[in-house]
Amino acid sequence: MSKSPAYLVLGDESWPVESLLKALAEETHVDAFVEGRGWLGARRDAKKIPPKATTGASQISRALESFECDARGADETVAIVGFRDSDTSASVVATLKSRFADMRILQLGARVAGPRQSLRRDVRWTELLGEGVDEELELLALQKRARELQKSVEGAERIAILLQDDPDPDGLASALAFRKILGRKPQTAPLVSFGSITRPENVAMARLLEIEVEHIHSPADLEAFDRVVLVDCQPSFFKGKTLPVDVILDHHPKASVPMLRKPDFVEIREDLGATSTLMTLYLRALGIEISQRLATALLYGIKTDTLLLNREVSEQDLAAFVHLYPRSNGNILRRIERPELPLAYLEVFRKALGRLKVRDGLALMVLGKVEREEWIPQTADFGLQVEGAELAVAVGIYDDKVVLSGRAFGPNIHCGELFKSLFNGGLGCAGGHRSMAKAIVGKERWETKFGARSLRSMPLLQASVFRILGQGLKAQGLKTTALGSVKASKA
Ligand SMILES: [Mn+2]
């Protein structure tokens, strides 16, 4: 976040100015005009808030005529206006606007004191007002930043919104939000990726929320765009590629790598659990209405990136979640989280289940030919639920390639390292993390290595995958817990 602004507080005793000034006590630049001399007198001794006036609201407007902002100027000043009388508030706001066009103004609503009831609760103002004001002040500060963001791509004819290679819900949702902030259509601001969406939930999200991601092949494809915006990722995510980047919106740890040009706008909020949270803040700061579709996407983005608010979650993530929840569509969310299973997949899955074997903690599911690539990781996910499995691998043939999807849990196995050691450098290509990995081998290469019939006979395919994975685990000194062989009964 940029440095904090100067504050100018204008109000009267009916409004809990004290709480507000308490909230601002840490700030160094605070001016206050407060109606009601008695209160101000007491205040003056307690805090170093320079009083500028005054005994009447009309005097405040008059005093403002000669008020000068400190050295940082009006555009670095936030005015907070709150009078019991809404006409007074309006006239003070009008004076501020006419004198300081760039000043950000937060106008608080009048609070009416009701008659004393016999049933009552006592709540301290600081508790009630502190948080609400903090949030509003943050939104006000972000409004300026959000306008800079809009400006940074202004006038561009075509904008590429670049997502990571396997776009995830946070990236997809943030991209939608960014497009909304620009008021653009998919034609002039398409979502692009060097990869494609693979996880079944993410595929379902894209389908149900009508999100399209264009596949691009190389950085040269980005030259067709006037501006390139990285959402939920950074240039360091694209190993071996040097990209033209104009804007970065992200929450992953900062990593700098060479770029073709210096970006105009960079916001990397490592304190947030999701980029969707940042985008929700921007939308709110700009006063842009969040549609049900967008709210559903953003909510799901936050939910998945914070593992249902369990991981690295900040107050802002929670606030965004609370803001989005009533605006979202629960039915669509449920359908995303439990994607429909096509009958064609169930047929392939049924056969794979019949061939399921667990050996030394490794559950292997051989799918054979698949119509859709995402069936392979979907099956691997299932494999990890099998009793005794620490590492689950699903293998299938898609187009002209053999695709392996791995899932692991527990401290013993690093799935990504295992796959990389086995498949990179000649045989194919692989990548992944500790718990999740993927490898691709061309069909011809596979047959050269494992024999001409190895892809036509499922038992042979199963045997060859068991062999190569066994070798890999051994070579790395990795071990799955010796649980012994468990052979699934024939389906
Ligand atoms: Mn994210």
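These numbers come from a predicted model, not from an experiment. Counting starts at 1 for both ligands and their atoms, following the listed order.
- Distances from the Mn ion (ligand 1) to the N/O/S atoms of Asp305 are shortest for OD2.
- The two residues Phe178 and Ile161 come nearest to each other via the heavy atoms CD2-CD1, 3.6 Å.
- With respect to Glu138, the salt bridge (charged side-chain N to carboxylate O under 4.0 Å, His left out) criterion is satisfied by exactly one of Arg145, Arg269, Lys144: Arg269.
- In this structure, the separation between CG on Asp317 and CG on Asp305 is 9.0 Å, given to the nearest 0.5 Å.
- Rounded to the nearest 10 degrees, the angle OD2 (Asp170) to the Mn ion (ligand 1) to OD1 (Asp232) equals 80°.
- Judged purely by atom type and a 3.5 angstrom limit, Thr296 uses its side chain to pair as donor or acceptor with the backbone of Asn329.
- When distances to the Mn ion (ligand 1) are checked against a cut-off of 2.8 Å, His252 contributes no N, O or S atom below that limit.
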